[in-house]
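See below for the structure under consideration.
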Amino acid sequence: MDALIILFASGILTMFISLLKKPVLSLITASAGLFIAGSLLVLNFDHPLNFIKYEGLIFDSASVLFSLTIVVFTLLLTLSGYAYFSKEKDHTGDYMALMLFSATGALCMVSFSDLFMFFIGLEILSIPVYVLAGTKKKDLRSTEASIKYFFTGAFATGVLLFGIAMIYGATGTFKIAEIEAFINTNDTLPSFLHVGILLMLASFLFKVGAVPFHFWSPDVYEGSPSVMTGYMAAVVKFAGFIAFFKLFSVAFGGASDYWAPILIVVAIASMFLGNLSAIQQTQFKRLIAYSSITHVGYALLAILSFNSLLNVQSLWIYLFSYGFSIVVLLSVSMLIKQEDDSIASLKGLARKYPFIGFVAILALLSMAGIPPLFGFFGKYMVFSRAFGAYPMLVIIAIINSGIGIYYYLRTIIVMLSENDQESMIKTPHVLHYLVLSICAIALMVGGFVFV
Amino acid sequence: MSLAILTYILGGLTFGSALMVVLAPHPVRSVLYLILTFFFISGNYILLNAQFVAVVNIIVYAGAIMVLFLFVLMLLNLSKENEPKTKNVAKFAAVVASGILAVVLIAATKDTMILQSGYQTSDNAQGLVEGLGQLLFTKYVLPFEISSVLFLSAMVGAVLLAKREKQITNEL
């Protein structure tokens with residue numbers, strides 16, 4: 001809770017400091033706020049037994065862990081996005097403040113205990129992202145991304161609200177613990193509950209970008225500024241999946257006969273469609289968008305096979321490792337000079353800047369799931385846990401991991417190859433090196449520390 | 001008995017005006033029917049003893065949002081000629097999808113079980129501002145306060161997007 005307040009307060013402070021038109025001061029305020037919030041969460045982490053409960057929010061050890069993850073990713077992205085944000089001196093602080101507000105919403109979304117708070121959290125998370133997706137005002141694609149994301153997102157929110165209303169009508173409560181009890185104690189469930197669950201499922205699948213609802217994600221990922229693409233793929237997806245888990249695996253767990261078959265189909269379709277489309281992409285951010293659709297498919301395995309908050313750890317490790325890879329790749333994408341970020345413009349990256357190339361290759365290998373890296377552990381834990389209940393699905397997921405390695409390796413080869421033309425890579429900012437070093441350490445040793 | 005008749009009449013009027021929103025040929029007329037629908041819905045709220053929601057519904061939807069709609073529509077100068085053509089396949093898909101949703105909703109309503117029999121009309125203070133304010137500032141004070149973050153970020157975002165940049169104005 002204190003972390004939530006600190007985040008919001010530092011957001012407001014950053015906004016006022018941006019009046020001074022000194023981007024450095026905004027950066028210091030924003031990252032100090034994030035750092036203090038993170039440290040408070042670490043301090044809370046030592047006392048997991050005294051859960052702090054508020055109306056609608058519960059800060060148990062799991063929520064504190066998720067909140068800490070969100071704060072870490074937001075901090076990393078704020079630091080690496082500074083070079084982009086500070087291009088517009090008037091608005092640097094505003095952009096950072098919006099990111100902090102959005103992170104506040106993400107914190108609500110991972111620690112909610114009733115649907116009311118969940119909905120407010122989701123909106124606080126989404127609205128600043130709609131705005132920030134369109135901050136490159138001169139770039140038509142950025143405006144397109146913002147509008148597209150806003151309209152489709154608003155529609156999905158409407159569907160979600162409709163679903164929440166149905167669930168309230170069927171169970172008579174907003175509290176997820178009471179909904180869980182209602183589902184587990186009643187033998188015949190009202191059909192309104194099923195309709196509500198289906199509508200919420202559709203909206204969740206939209207928010208995380210799973211297959212029948214994935215059409216927005218490549219365009220939005222491509223058009224948004226790289227920082228925001230990173231934020232969408234790391235933080236928004238993380239918060240979305242945790243809320244998905246809390247609602248479906250835990251609260252609606254008793255009714256899983258109704259939604260599990262749908263999710264199985266969606267997971268398989270996401271894996272194949274994401275992978276097969278990613279192979280054909282020539283643009284870096286579109287590649288990441290399609291590969292993230294595939295990763296959604298893998299993460300849905302976790303939603304399917306887990307049923308209590310106790311084993312959410314595997315899902316967390318998976319999303320945590322994925323987030324670090326995303327932060328690295330989007331930081332690299334910020335360095336591309338050209339407006340259209342073709343993969344070919346990464347040519348010679350590893351030769352010109354060996355360290356950045358090294359970290360980028362680490363990130364790609366971790367996404368592919370090559371053993372000693374963090375990503376492997378996440379994938380391993382999700383797959384091994386799901387294997388008991390859904391062996392066929394896990395086999396399909398492993399086949400898809402194999403397909404994925406092809407385009408990850410192809411990107412690595414481009415980075416390693418010699419560049420005979422003028423380099424498309426900008427000189428990196430010193431903060432890029434800082435962020436990339438942190439991510440490199442996390443990717444290399446994360447698997448041994450957290451598992 | 002008279003209440004039941006009133007409910008049916010009001011329900012029929014709401015339904016009819018909602019249908020007219022979709023069927024009206026001119027967009028401005030359809031918005032006007034939508035405003036009418038909101039008024040009828042407010043009437044339904046009053047019958048359900050939710051006076052506050054009824055008033056807020058009129059102020060926010062009929063008052064603010066719909067007037068905005070009208071302004072935008074009049075600025076856009078819509079007519080039959082420049083209406084975008086929809087593909088037949090898309091029309092067909094839309095009909096099938098919404099038809100399926102309607103069937104599911106009707107089926108779900110058919111075997112609804114009623115948790116509470118009838119709404120309480122004896123306690124007149126229940127739907128008033130007073131009761132709502134009590135709840136909002138005691139039990140739900142945290143969600144209430146947190147929603148201020150939402151409004152603040154929405155306002156900042158709107159200003160940020162709508163503000164004209166200095167460089168652009170110079171170029172013009």
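Labels below follow one simple rule: chain letters A, B, ... track the order of the sequence lines, proteins then strands, and each chain is numbered from 1.
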Contact winner vs chain A - B/Val149, B/Val156, B/Leu152, B/Val159, heavy-atom pairs under 4.5 Å: B/Val149
Check whether [X] gets within reach of chain B through its side chain, its backbone, both or neither, counting any heavy atom under 4.5 Å.
X: A/Leu4; result: side chain
X: A/Phe162; result: side chain
X: A/Ile12; result: side chain

Between A/Thr29 and A/Thr14, a side-chain donor and acceptor under 3.5 Å: no
Mutual orientation of the aromatic rings belonging to A/Phe174 and A/Phe116 [parallel < 30°, tilted 30-60°, perpendicular > 60°]: tilted
Which of A/Leu193, A/Thr135, A/Val195, A/Leu199 touches chain B most, by non-hydrogen pairs under 4.5 Å: A/Val195
B/Ile146/B/Leu150 under side-chain contact (heavy atoms from CB on, under 4.5 Å): CA gap, chis, key distance, verdict: CA-CA 7 Å; B/Ile146 283 184; B/Leu150 176 63; over 6 Å; no
Candidate list B/Ile58, B/Asn57, B/Ile59, test side chain to side chain contact (heavy atoms under 4.5 Å, CB included), partner B/Tyr61, passing option: B/Asn57
From CA spacing to verdict: side-chain contact (heavy atoms from CB on, under 4.5 Å), A/Glu178, A/Thr171: CA-CA 8 Å; A/Glu178 286 173 18; A/Thr171 61; over 6 Å; no
